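The structure appears below as structure tokens.
Since the structure is predicted, the reported quantities are computational estimates derived from the model, not experimental observations. Naming: A, B, ... by sequence-line order, numbering from 1 per chain.
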Protein chains: 4
Amino acid sequence: MADQKRPVRSKSQEERRRIILDAALSTFAAKGFASARIEDIAKAAGVGKGTVYLYFPDKESLFKSLISDDLAPLIAHGAGILEASPQSPRKALSAFYTLVESEVLDTQRADLLRLMITEMPNFPDVAAYYHANLIRPGMQLVQKLLTIAHDRGELRSAKVLEVPQMVVAPILISAIWGMLFSPFGAFDRRAAFEVSLDNLFLSPERETP
Amino acid sequence: MADQKRPVRSKSQEERRRIILDAALSTFAAKGFASARIEDIAKAAGVGKGTVYLYFPDKESLFKSLISDDLAPLIAHGAGILEASPQSPRKALSAFYTLVESEVLDTQRADLLRLMITEMPNFPDVAAYYHANLIRPGMQLVQKLLTIAHDRGELRSAKVLEVPQMVVAPILISAIWGMLFSPFGAFDRRAAFEVSLDNLFLSPERETP
Amino acid sequence: MADQKRPVRSKSQEERRRIILDAALSTFAAKGFASARIEDIAKAAGVGKGTVYLYFPDKESLFKSLISDDLAPLIAHGAGILEASPQSPRKALSAFYTLVESEVLDTQRADLLRLMITEMPNFPDVAAYYHANLIRPGMQLVQKLLTIAHDRGELRSAKVLEVPQMVVAPILISAIWGMLFSPFGAFDRRAAFEVSLDNLFLSPERETP
Amino acid sequence: MADQKRPVRSKSQEERRRIILDAALSTFAAKGFASARIEDIAKAAGVGKGTVYLYFPDKESLFKSLISDDLAPLIAHGAGILEASPQSPRKALSAFYTLVESEVLDTQRADLLRLMITEMPNFPDVAAYYHANLIRPGMQLVQKLLTIAHDRGELRSAKVLEVPQMVVAPILISAIWGMLFSPFGAFDRRAAFEVSLDNLFLSPERETP
DNA sequence: TATGAATGAGTCTTCATTCAT
DNA sequence: AATGAATGAAGACTCATTCAT
């Protein structure tokens with residue numbers, strides 16, 4: 001195909017872009033957007049300061065790319081799980097929690113999540129984008145799932161349909177706790193997920209490996 | 001009397017300090033710590049740039065004073081509610097949620113809460129202080145309350161005793177949602193509190209005025 | 001007399017002025033003109049910051065008053081000694097050195113001398129005033145004295161008549177050494193004066209108490 | 001050749017550093033340390049304000065570099081002369097005076113000398129460094145020279161051995177006079193040196209070209 | 001008259017961004 | 001394409017001076 005020659009070069013390009021993005025994520029996560037210096041990011045990426053500007057027009061774009069680049073695959077993956085709902089809503093949600101654990105909370109993406117929480121107030125357009133592309137569809141999927149559960153009579157209370165955000169509460173709590181208080185004591189993330197599932201659903205059927 | 005001149009002066013001093021702190025809260029909440037300019041805070045307070053420095057030695061102290069000044073009364077009040085537990089744990093928790101609504105979420109203190117979430121990663125000593133003086137004792141109070149509920153057989157699941165943070169989840173979700181997505185849709189705070197209570201406790205007894 | 005009532009008040013005024021000037025001298029000597037803060041001077045004088053401005057229109061005037069106030073009496077006194085020349089030029093010069101020791105180098109006026117050396121480059125008009133009122137007449141007196149000595153055949157070399165500044169060299173060296181290196185070792189001021197006299201004059205007649 | 005690029009670069013670096021140091025010397029000499037603005041120095045050096053900070057971490061370092069950079073070569077040179085003492089102490093000292101004239105008093109280094117006199121009181125550590133590396137060894141060399149002269153019976157008075165600082169008195173007087181009173185009349189530097197030599201040494205042997 | 005709270009001009013310093021090599 | 005030296009706009013902080021009390 002015609003794009004075979006391009007990929008050789010563009011892969012090297014693409015790789016360097018990723019390296020810079022990863023370095024940016026660590027640095028932004030460690031210092032916050034305003035306090036992170038481009039030079040630090042460049043150093044962390046092992047490139048010169050000017051090189052960053054070959055890949056991103058400015059600091060803000062770098063930050064936004066961080067989010068939009070990493071968000072798309074995550075959304076696809078998470079949506080897949082939630083939509084699949086192979087056997088039961090509870091199992092689907094449980095699988096979702098597990099996915100979030102392995103794909104977000106246990107990876108560098110946890111930093112991204114924290115960064116979005118801490119920095120988004122300063123980037124309203126990112127918040128809008130994030131809301132339109134992740135939060136709203138995500139909440140709709142959750143709502144669909146909960147509706148199914150409700151129709152099946154598995155849901156403890158219909159009221160949660162009005163605040164589907166409660167479903168992601170343990171994820172957020174976990175992220176925030178890790179961000180603020182991890183030095184002072186761990187947060188039992190697994191227990192939080194189980195409490196959440198136990199509370200949401202009537203039947204205490206546990207997911208088993 | 002001789003003490004008339006002093007009180008007038010010192011009241012004016014204290015007042016001015018509060019005005020600056022309030023201006024700082026708005027400004028920090030709007031821009032974040034790093035991006036907020038002292039001059040903006042001064043302007044918002046209706047004073048000159050240098051005046052801020054008569055009351056706070058530097059920007060960081062101003063920020064920290066914001067937290068330590070406002071935290072103490074809040075802790076006292078919240079602890080009072082949680083410790084009182086007049087009739088039942090559920091009622092106590094419900095009263096606590098109501099208090100948080102009227103005293104925090106509906107006031108400028110919501111900004112303070114958001115600010116603590118977003119800026120504390122950059123101020124580890126503030127996080128330590130906040131954890132030692134608010135979070136840990138707060139969680140212990142919650143645990144005590146939940147233990148009482150459990151002993152009375154009112155608790156749905158004992159597992160929540162391991163993650164008392166789940167009790168404050170709706171508060172945090174509400175604060176975070178308001179901070180990030182309020183332009184795109186409201187969060188039904190009341191519903192979240194009710195879901196939380198309904199899920200935590202067995203008997204669906206509603207608190208009535 | 002009519003001015004008797006005034007003196008009561010004006011003495012108090014005059015006293016306060018002196019107190020402020022003394023405080024200014026210490027402070028300027030310790031920190032230099034630019035780094036000395038008016039507030040420090042006020043504190044050292046035991047008055048409020050604003051009070052300084054009741055006596056001197058601004059910082060620069062305060063500094064200049066320091067010099068002009070203290071210079072006049074010094075000039076009169078020094079000139080008296082040099083002009084008197086009771087017995088011999090050497091004795092007159094020796095008396096002058098002794099006077100400078102007791103009236104300048106051993107008092108706070110040494111600070112004034114140092115201050116003039118260090119700060120005058122930034123105050124050309126002060127330098128002009130100082131040159132016109134102290135240096136030039138002083139040098140003329142010295143020259144007259146040296147001429148007398150030369151006429152009497154007591155001077156070792158007539159060349160010093162062209163550089164009468166050499167006569168005050170030991171004074172300046174002493175002041176500068178004390179200003180820069182006193183922590184690292186004393187300067188034997190007496191020896192310097194004797195060397196200077198011995199070198200200038202032929203007969204080794206010592207002055208005796 | 002490959003080493004052309006590096007030397008060019010590194011020479012340009014070193015050159016720029018020197019240019020900034022020279023600009024700093026003029027500016028500090030003209031205004032004093034506290035009143036000199038970094039921007040003025042940058043402008044005088046023909047570089048941007050920020051560039052100064054690429055070469056020196058802060059204003060104080062710039063000032064100190066000024067001294068330490070220029071002192072080392074001067075010390076080496078001066079010590080060489082004093083130690084050589086080829087024929088006679090008097091000739092050595094005369095050569096030293098001549099060297100100081102051509103290498104210091106007639107060059108921009110005179111500003112450095114004046115700057116050290118005026119600013120060192122505010123930089124005690126510089127004074128200590130200067131005393132340890134220039135003054136003390138210098139005074140010891142002078143003392144050695146005077147001792148030799150004394151042993152040879154060429155010295156007028158042994159008392160000067162206790163105050164070797166008198167030997168540099170004409171240098172200091174010249175520097176100070178130039179700094180304070182040059183607009184009002186020149187100081188005959190040559191005459192001062194001759195008077196000093198004539199007074200110190202017995203034999204009136206003149207150094208001849 | 002004396003005070004010290006208030007002010008804002010002035011300065012150092014940082015860092016995103018540009019550009020010559 | 002990659003670099004890092006150079007730049008200057010921006011912001012924290014200081015302090016001489018004013019002025020209401």
>> Let me check the geometry of the helix from E/dA2-F/dT21 to E/dT21-F/dA2. What is the bend angle between the axes at its two ends, five pairs each, to 10°?
In response: 0°

>> Within the 4.0 Å limit for protein heavy atoms, which parts of nucleotides 7-12 of chain E are touched? Write it as a string from 5' to 3', B for base, S for sugar-phosphate only, - for none.
In response: BBBBSS

> Rounded to whole angstroms, how far apart are CG on B/Leu62 and C1' on F/dC13?
Replying inline: 13 Å

> Which side chain to side chain donor-acceptor pair (under 3.5 Å) pairs, counting each pair once, include a residue from residues 33-51 of chain C, with sequence neighbours left out?
Replying inline: C/Arg37-C/Asp40

> Rounded to whole angstrom units, what separation is found between the CD1 atom of C/Ile19 and the C1' atom of E/dA2?
Replying inline: 14 Å

>> Please report the distance, rounded to the nearest Å, between CZ in C/Phe56 and P in E/dT1.
In response: 15 Å

> Below 4.5 Å, heavy atoms only, C-beta onward: do B/Leu113 and B/Arg109 meet side chain to side chain?
Replying inline: no

>> Rounding to an integer number of Å, can you tell me how far B/Phe63 CZ sits from F/dC13 P?
In response: 15 Å

>> Between P on F/dG11 and NZ on B/Lys43, what's the gap in Å once rounded to a whole number?
In response: 11 Å

>> Check A/Arg17 with A/Asp22, please: is the shortest side-chain N to carboxylate O separation under 4.0 Å?
In response: no

>> Before you tell me yes or no, could you show the steps for C/Val47 and C/Ile19 under side chain to side chain contact (heavy atoms under 4.5 Å, CB included), namely the whole-Å CA-CA distance, both residues' side-chain angles and the distance that decides it to 0.1 Å?
In response: CA-CA 9 Å; C/Val47 301; C/Ile19 289 170; 5.6 Å; no

> What integer distance in Å separates C/Tyr55:OH from E/dT1:P?
Replying inline: 8 Å

> Whole-Å distance between F/dG4 P and A/Asp40 CG?
Replying inline: 15 Å

> Is C/Lys59 positioned over the aromatic face of C/Phe33, cation under 6.0 angstrom from the ring centre and no more than 45 degrees off axis?
Replying inline: yes

> Are the side chains of D/Leu115 and D/Phe63 in touch, meaning some heavy atoms are under 4.5 Å apart?
Replying inline: yes

> B/Glu15 has an atom CD; how far is it from atom C1' of E/dA5, in whole Å?
Replying inline: 15 Å

> Is the shortest heavy-atom distance from the side chain of C/Gln108 to the side chain of C/Ser26 under 4.5 Å?
Replying inline: yes

>> I'd like to know if the side chain of C/Ser61 reaches the main chain of C/Pro57, judged simply by a donor and an acceptor atom lying under 3.5 Å from each other, with no hydrogens or angles considered.
In response: no

>> Around atom NZ of C/Lys64, are there more than 12 heavy atoms from other residues, nucleotides or ligands closer than 6.0 Å?
In response: yes

